[in-house]
Amino acid sequence: MLCASCGRNGAKLYKRNVDGKEISLTLCAACYEKLYPEREEESDFFASFVGKGGADARACPVCGTTLEDFRHTGLLGCAFCYTAFREELLPAVRYAQGKVRHEGKAPSGEADEKYDLIRALVHEQERLKLRIRSAEEQGDEGLTKQLKTQLAALNRRLYGGETEE
């Protein structure tokens with residue numbers, strides 16, 4: 001197993017606790033020491049790719065995730081984060097994948113149809129959840145029960161038998 005940072009040396013698995021979440025890193029001893037020197041209380045693995053924080057307090061307009069959140073956890077909040085933080089994320093994507101442009105297989109034509117169907121079902125699911133919340137606030141138990149039945153049927157269709165409420 002090679003180091004995920006330098007790609008040259010043999011590596012071992014390190015586990016780190018970052019903001020209450022455990023992350024696993026495959027690094028050689030030299031890269032681990034460089035990224036996590038003992039003199040620092042807590043270094044930030046993802047900050048090495050997107051730079052240190054500072055005055056940049058931008059947040060994703062869709063989900064509210066900040067670049068600082070990504071620096072601490074390595075996780076983005078939604079698909080739009082990739083657009084919102086494109087320039088800052090390019091080094092991390094390039095590091096992880098070797099390239100920033102997808103070169104794999106293209107999905108089949110029916111994938112677009114399935115995607116459109118799933119989007120429509122998820123939109124309907126959100127609409128039903130709002131209507132259920134409204135009916136509960138108004139105290140209309142009959143309508144609430146009817147809408148929950150519709151939501152359960154929609155969830156079965158969307159999740160293939162699983163139900164989510």
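Numbering of residues begins at 1 and proceeds along the displayed sequence.
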Fill in the blank from the handout: Sorted by chain and residue number, the side-chain hydrogen bond (donor to acceptor under 3.5 Å, both in side chains) partners of Gln150 (sequence neighbours excluded) come out as none
Handout entry: For Arg127, all residues meeting side-chain hydrogen bond (donor to acceptor under 3.5 Å, both in side chains), sequence neighbours excluded
Key = Glu124
Exercise for the section: Check which hydrophobic residues are tied to Phe80 through side-chain heavy-atom contacts below 4.5 Å, counting indirect links as well, and list them. Expected result: Val62
Set of side chain to side chain contact (heavy atoms under 4.5 Å, CB included) partners for [X], sequence neighbours left out:
X      : result
Tyr115 : Arg119
Arg86  : Leu90
Leu117 : Leu121, Arg157
Thr65  : Cys63, Asp69, Cys81

In Å, rounded to the nearest 0.5 Å, how long is the span from [atom1] of [X] to [atom2] of [Y]?
X      : Y      : atom1 : atom2 : answer
Leu89  : Leu76  : CG    : CG    : 5.5 Å
Leu67  : Glu87  : CG    : CD    : 12.0 Å
Leu130 : Gln125 : CG    : CD    : 11.0 Å
Leu147 : Leu154 : CG    : CG    : 12.0 Å
Thr144 : Gln138 : OG1   : CD    : 8.5 Å

Handout entry: Glu136/Lys148 ion pair, N-O < 4.0 Å
Key = yes
Exercise for the section: With sequence neighbours excluded, give me every salt bridge (charged side-chain N to carboxylate O under 4.0 Å, His left out) pair touching residues 137-146. Expected result: none
Handout entry: Contacts of type salt bridge (charged side-chain N to carboxylate O under 4.0 Å, His left out), residue Lys114, not counting sequence neighbours
Key = Glu110
Fill in the blank from the handout: All heavy atoms of Cys60 vs all of Ala84, minimum pair found to be CA-CB, 4.3 Å
